[in-house]
Each structure stands twice: as C-alpha cells, then as structure tokens.
Amino acid sequence: MGCVVAKVAVSKAVYAIDKPYDYLVPAALEDRLRPGMRVLVPFGAGNRGSDGIVLALHQQESGGGLKAVTAALDEEPVLDRHGLQMALWMRERYFCTVYDAVKAMLPAGLYYALRDCVKLTADREVAYEASQGSVAATKLVEMLLVWDGQGEMEQIRAGFGPKDPAPAIRYLVERGAAEIVTSAQRGVGDKTEKLAVLAMPSEEAMALVTPRRKTAPLRYSVTELLCQLGAASAKELCYFTGASMPTIKSLEKSGILTLEQQEVFRRVQLDDVPPKPLPQLNEEQQAALEGLDRLCRAEKPAVALLYGVTGSGKTQVYIRLIQQVLDRGGSAMVLVPEIALTPQLLRVFAAHFGQEIAVLHSSLPAGERYDEWKRARSGKARVVIGTRSAVFAPLRNLSLLILDEEQEGSYKSENTPRYHARDVAKYRCVQENALLVLGSATPAVETMYSAREGVYHQFTLTQRYNQKALPQVHIVDLKEELREGNGGAISGLLAREIGDNLTRGEQTILLLNRRGASRMVSCGECGEVPQCPRCSVKLTYHSANGRLMCHYCGFSQPLPHACPACGGKLNFIGVGTQRVQEELEERFPGVEVLRMDSDTVTAAHSHEKILEQFRSGKAPILLGTQMVAKGLDFENVTLVGVVLADQSLFMDDFRAGERTFSLLTQVVGRAGRGEKTGRAVIQTFTPDHDVIRFAARQDYEHFYQQEIQLRRLRREPPFRDVFVLTASGPEETGVLRCCVKLRQALEGALAHLNQEWELLGPAPAAVAKVNNRYRYRLTLSTKNCRGVRELLGRLIAQAHQDRENRGISVYGDLNPY
DNA sequence: AGCACGCCGACT
DNA sequence: GTCGGCGTGCTC
C-alpha cells in the first residue's frame, strides 16, 4: 500500500538540525497539498505544533513511523518552484534555515502566528478530580477555569511566575483532563505602529495612577504624558518616558488607554496622479535604452551597469525600458534604497504606469503589504517598486529588475537571513532569465570591477540634466580653523556662504555624518562619560526627551543633574545636529533652521512633511544626517555644506572610503539643480585625504583607480570575499573559548583548501557587548565558493551543538558592512 | 534551541 | 515514598 510523503522545512528546526523532515500526508489532504504550501506539523518530542513549508511530495511504499501533517495553512502555494529553490540557495549562502529564508520572502501579513494553548477537555469537577495530587496542576485548572477553560502558553507562564508550568500541564494531559492545541492565526505582527489614545477623562486617569506613583513611576509618567497629548504612538510614549511596551499594555488592561492600529507608512494615493507622456531622451540616454532593451530581449540573462552622474536622467531610461517590457507582456521590478522610496518617486512612476504599480515597503502596514503582494502575484500589478525585501515579490514573467543606487548599504540585511538584495536579484534574474540593471552615479567598487572585466555590460550617461555645471567645491581645513580660534562646528567660510545665501533668498542644505551626530555628556571634574549598563557604548543625549539613550538596546535614563561618579558638573560633548542648530541660531538670529534626523522624524512629523516645508521655501536652512543627501531635488538650493566629512572615513572596514565618496558626491550634487550654479563647502580635519579630494571634484574614475589598487593589495573584495563568524553569549570567557575552538577547527579544515585564504581573530566586535551579550568574531577572507560555504555551515552547526557552548549563538555573515 | 527521559536530594 | 532538580540526547 503506497502513501504520500511530504518533505517539509520546519520553522522550529534551528540551523544545526535544519533539513527536510518527512511527514505523512493524510488522505484528506492528498489531493490538495502541493509543494510551496505551508503546513502545520507536529515537531519534537513534545509534538508541539510548528509551521513549515512543503518542499516536495513523493510516493512511498510505507510511511512507517512517520508523523502526519496536521493541516495545510494555504489554499494555494505561496512559493513557486523558483521560490523554493531560492530558499535553499539562501540557506547555503547566508547560513540561515530554509524557513528563515521563506519568512523573508513572504509578506508579514501572510505570516502565521502559532499559539500553543492548553484547553480543558473535562468539565469543572472532573478536571479538579484529575488534578488531585499535584498542587501545580490544581492551580493550573483554576487558572484555566478563569479563562473560560483555555489559556495561551504565554499567559500560563506568566501566571506561574518563575515556576515551570510544563509538569502541571503534562499531569493534566496524561489524565485526559486537558490537551495542547496549536492554533494558527494570521498574525498582524508588531510591525505596525500602535496609537495610544486616552480612554477616560484625564483627571480620572491621573487619579488612578497617582496613588501608586512611587511604586509604578513609569505608569504614572506615561499617563501624565498621554494626558497632555491626548493621543500618541506607543513608540513615542516609550521614547519620552523610558517605559517599554509591557507598561503600555498594562495601562491598556487597566482601561486607562486604548491601543489602535496606526498606519506607519500612509499608502500613497496613486489614483489621482495625472498620466504623463513618455520622457524624451537625449542621445546618450537613447543609446543606453537601446542597448539595455536588446539585452532584455536576449535569450540569456545578463547584468548591466547603468553608470550615470547625478542628474543624468537614469530614471527616464528606466521608465522607457519598463514601458517596452510591459508592451511585450513582461513584468518589471524597481528596487530603491530605504530612504529613497518617497512619495515623489512613487508619483513619477505612477504617472507612467498608473494601476500597474505595486508598492512593497517594509514599513507598510501588514495588511496593505499583503494586498500589494497579492496584486503582484495575480498579475494585476506588473511593476513592483520597493525596497530590499521587495526583491522577492511574486511577479510572473519577470524580464527586468532594476536596482537603483546599487552601492547603497541598505540593500544588505542586518538580520537573519543576512542577504544582499543585489545577490538575490542576480540569482533571481538568472533563474527567470531576466535582465538586471544596476544603476548608480558612484557604483560599488566590485560592480565597476565586474563591468571593466566585461562580466557586466556597461552603459554610461555623462551629461547632466540641462547641461548644468558641477558645483564649485571648497574644502575647509578644520585644523586651520581651530588654530585661528574657531572651535565651533561652522567654519568662517561656511558661515559667510550661508550668510550670502540668506541675503540672496536662496536655500542651504547642511549634512552631518550620522556617526558624528551623537551627542554625549561628560563630567567636567572626572571625565566620566555615562555608559549603557547593558552594552559597551556611551549613552547619547536626546534633547527631544531630555534622556540619555542607548541606540543598541533601547536603554534610557533621564539626564542626571550631576555626574553619577563624582557629583561634578556634566558637559555636553560631540557635535550633534542639535548643537549645530544652536550654533546656527546664534550666528543667524531669527533664521529658521529645519532639522531632520531620527530624533525629529516621528509619526507626527514625517520625513515628507519636513521636506515639504523646506521645498515650499519657508525655511532657508535644512540641517540633517544622511537622509538629506538622498534624492532631494530642490530648485532653490544653491549651497551645500558638509559639517564634518571625516567620520565615516576612519571606520575599520574596507568600505569606508567607498561610502564616504558616495555620500559626499551625492550631497555635493544636490547644489544647483535649478537655474543657478551651486556651491559646496566640505569641512574636514584631513583636507589632503584622496577620497575627499576626489569627491570634491566628483571624480569617480580616479577614486576607483586608487580604490581598486588598494583592494587588490589588501586582498579585499572583489578579489576575495569576507566571511565573518560572530559568537555571542552572556559570558565573555565562554564566547572567547567558542571562537578559539572555531578557529582551530577552521584552520585545520582550511589547510586542505585549494585557494588562498586568511583568517583573523577572535577579536571583539566593534561594539563588544550588546544587551549583556559579549560578541567576538572571526574574519575569513577567501574566494566565496561552495567548499568554503559548506565548511562554514558545518562548523556553525557544530558549534551550535557543542555542549560547552550552551547559551552561545554563532552566526555567519557573507560580505557584511 | 526545546523538550523528554533519567537519575539523585528535600519534603509529605 | 514522591516532587522536582538539571545533566544527556534527539528532533521525520
């Protein structure tokens, strides 16, 4: 007698034991179940429910000893053959489980939150009867009766406190008084922002929390703040008071506030955008279009670099190219960096493709994201535009994939699976025989290298839009400024230029590198700088809420009145945007300075609103971090100032030069987009640094020449790949021991490797401790090949299973930074 | 990682 | 004599 067996990638299987597990398909599901559908299966000794995805189905003589699939979670496959293949590819390349990859590929709205519940199967008396003999079981019965006979595992754990409820549950289950059920419910996830609204008159609310002000200070502070505001996002409440989500939740339970779903990213209305005729192209653009279109129609997949200086009209080429793809019945995808996905950009595309567009963005509300995903899958939308994760969008007949600003770091995921959208895009284009277009004014060194080597096709746009000259750039030596007694953030020259702009009624953009934008406090007496108790970083001061905060773990505390160590007076150090703003207001009294950084960008004051305010010309100066450098086209901006160019230059990673060059080039290009010629001022402590000089001249060619030589010399990408293995755990010695062991195992295995390699470490990570976990890393530089990936995968799994490594987690990352 | 099975000390 | 401590070993 034959039976159907499903190979399933299981969610609860961690990396070390991740493999396809065989499950019997019950007769009732035999006709319905297909590969790519998610299922609910029992897993582990406790047969707890786990979700999984069917990788394959096959006939087998007997299914002896196999467990059976509990239920199908989908009506239709959520991944096709290519999708499943890609998940397997991601596992090998990014050292994640197959299901981790699957989760990254599916929209959050489709994600099932699995809840284990304990359900009483007997009535009140019988249940009590059965629980006789175990105090804990009796307590559990009482708890469950209060909750109408059923309770979630989380609730029960909370109710039991430090005691483990598992034995009590087993006790009842064995006696047939209860059962464990796993329910799959579409989870909304915590991605969407919750809006807290005061649920009663403020006097009443305050009366409720005031008596316990001493014992529950956070509840008090949150309520107090909410009374003032009436409504605020839960995130903001936490930010300003230092509370965390449980506090808010408990206030909700007490009926003091209610939580409502709020859309983080308002779905941009694209219905009312008037259609536009196709853009006219100049000769260069036309040549690029024709070349790209030829590649797109070719039998074989290809990669092309569209290298065009800022303002050379890459977008027009994209639009024409997409139109031709649509005319042939294909579909296309445009990926942009996180910060570049603005309503303006969406409108440009909507003007040409209208309802054919689906927008996929990680901060879209889960429901809408799911809708857009479905529109793409059904073929209703044939142009997907989105950020990193949109690379997985279920488009059919994909024939063109555009990665704009391909050098941007936001294409690399910093969480499991640590994929790079460029790599995934490349893989996908090969799978589906599509053309991959990498667009950039400052391509990643690896990309340009491939283009020069003839691996990628290259198309170049050299002419700036309406033939505008590049801005005049001045480099200011801040050492010189210091010698002349100006220790402020704004040099004499920059101040004069700003002054000129003010009198002329023209606008100025000032950029502060994020790394330098943090502001710390330091004791004037003993020099102490308050540090995060859980992480090895200094706390940074946020004036918006008057607190010292940790950017790594979210810890925060009110700014102390005096030094906690010696009682001395605290001074502010570091040049933050706030500090520059103050300095500007001093120098130019009465002039409005718009500030844009992660502090000022909140639910109420979005990115877009600030930019709109600036665009309308109300404020003469816009000051901000990286976000001001990207894709802003303002007619009236004639001056760009880089307050401090050095910060990103002296990081200890090989991409520092490339990133600095790209950032400076982009921001300098922001000056003079309109009729008037622009100027730029770059302030730096290292005015002779080549990267800064090349960027000032917008000279990518020489920057590239120098950088590629350096990379060759140092054996960095593209000549080799970098694998970083990071171990983290609560005890430093254990983590270190784990790394040393890993290193030894690696060295042994690498000895037989038939290619060059170099192994560094263990060394503490740049931030050695995060959330009370110490982090050490090994760095292996060698050419990325299957052998190395398999070796590393094996070693990570091994480390995971090592008894000595309890509590330590190890992960691998390919070409991080 | 979880979770069960299994073998030793503090209580009814 | 049992409840419950945490030391090994497996997960279809």
Side-chain angles (χ1 to χ4, degrees), chain A residues 3-26 29 33 35 38-72 91 95-100 103 114-118 130-140 152-154 156-157 160-175 179-180 182 415-417 726-730 734-735 738 773 793 796-812:
Chain A
C3 52
V4 183
V5 169
K7 293 235 177 266
V8 178
V10 180
S11 166
K12 285 220 170 103
V14 292
Y15 184 71
I17 57 160
D18 184 38
K19 58 178 181 185
Y21 287 88
D22 284 348
Y23 284 91
L24 210 60
V25 178
L29 281 177
L33 207 62
R38 289 168 307 155
V39 286
L40 191 60
V41 292
F43 189 71
N47 279 334
R48 300 271 299 269
S50 170
D51 47 348
I53 192 160
V54 178
L55 299 172
L57 290 165
H58 59 95
Q59 290 282 335
Q60 206 169 287
E61 269 314 302
S62 92
L66 294 185
K67 295 179 187 177
V69 171
T70 311
R91 175 191 138 84
F95 311 108
C96 65
T97 70
V98 173
Y99 208 74
D100 282 336
K103 269 191 256 184
L114 292 187
R115 290 258 155 80
D116 278 338
C117 293
V118 179
S131 74
Q132 286 305 310
S134 164
V135 189
T138 311
K139 186 178 162 193
L140 180 59
E152 277 172 22
M153 221 50 120
E154 291 300 303
I156 296 170
R157 283 225 176 80
F160 267 66
K163 265 177 65 176
D164 182 9
I169 295 169
R170 218 175 315 140
Y171 195 92
L172 289 187
V173 172
E174 273 163 17
R175 284 161 181 75
E179 62 177 354
I180 296 177
T182 308
N415 305 311
T416 314
T726 307
S728 73
V735 174
C738 169
R773 291 177 72 84
I796 292 171
Q798 231 173 60
H800 219 256
Q801 283 168 321
D802 192 334
R803 299 260 155 254
E804 234 181 10
N805 291 342
R806 247 176 288 146
I808 297 174
S809 60
V810 179
Y811 66 81

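Reckoned from all heavy atoms, side chains included, excluding hydrogens, waters and symmetry mates. Naming: A, B, ... by sequence-line order, numbering from 1 per chain.
- Scored by the side chain to side chain donor-acceptor pair (under 3.5 Å) test, A/Lys19 finds no partners at all (sequence neighbours excluded).
- With sequence neighbours excluded, the residues forming a side-chain contact (heavy atoms from CB on, under 4.5 Å) with A/Gln59 are A/Val4, listed by chain and number.
- Annotation: side chain to side chain donor-acceptor pair (under 3.5 Å) contacts of A/Thr138 (sequence neighbours excluded): A/Ser131.
- No hydrogens or angles considered: nothing links the side chains of A/Asp100 and A/Tyr15 as a donor-acceptor pair under 3.5 Å.
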_Sequence-aligned protein contact record of nucleotides 7-12 of chain C, with B where the base is within under 4.0 Å of a protein heavy atom and S where only the sugar-phosphate is_ = --BBBB
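- Atom C1' of nucleotide B/dA1 and atom OH of A/Tyr811 are separated by 18 Å, given to the nearest angstrom.
- Among residues two or more places apart in sequence or in another chain, the ring-ring contact (aromatic ring centres under 6.0 Å, His included) test is passed with A/Tyr171 by none.
- Looking at residues two or more places apart in sequence or on another chain, you find a side chain to side chain donor-acceptor pair (under 3.5 Å) between A/Asp18 and A/Arg91.
- Nucleotide B/dA1 holds its P atom 5 Å from the NE2 atom of A/His800, rounded to whole Å.
- Remark: A/Pro730 pairs with A/Arg773 by the side-chain contact (heavy atoms from CB on, under 4.5 Å) rule, at least two apart or across chains.
- Every residue two or more places apart in sequence or in another chain that forms a ring-ring contact (aromatic ring centres under 6.0 Å, His included) with A/Phe43 is listed here: A/Tyr21.
- Remark: A/Pro20 engages A/Lys7, A/Leu55 in a side-chain contact (heavy atoms from CB on, under 4.5 Å) (not counting sequence neighbours).
- With sequence neighbours left out, A/Ala45 forms a side-chain contact (heavy atoms from CB on, under 4.5 Å) with no residue at all.
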_Bracket string, DNA chain C, 5' to 3' - pairs by Watson-Crick or G-U geometry under 3.5 Å, | interstrand_ = |||||||||||.
For nucleotides 8-12 of chain B, print each protein N/O atom paired with a nucleotide N/O atom at under 3.5 Å, atom names and distance only.
none

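- As judged by a 4.0 angstrom heavy-atom cut-off over every strand, A/Gly52 is placed among residues making no nucleic acid contact.
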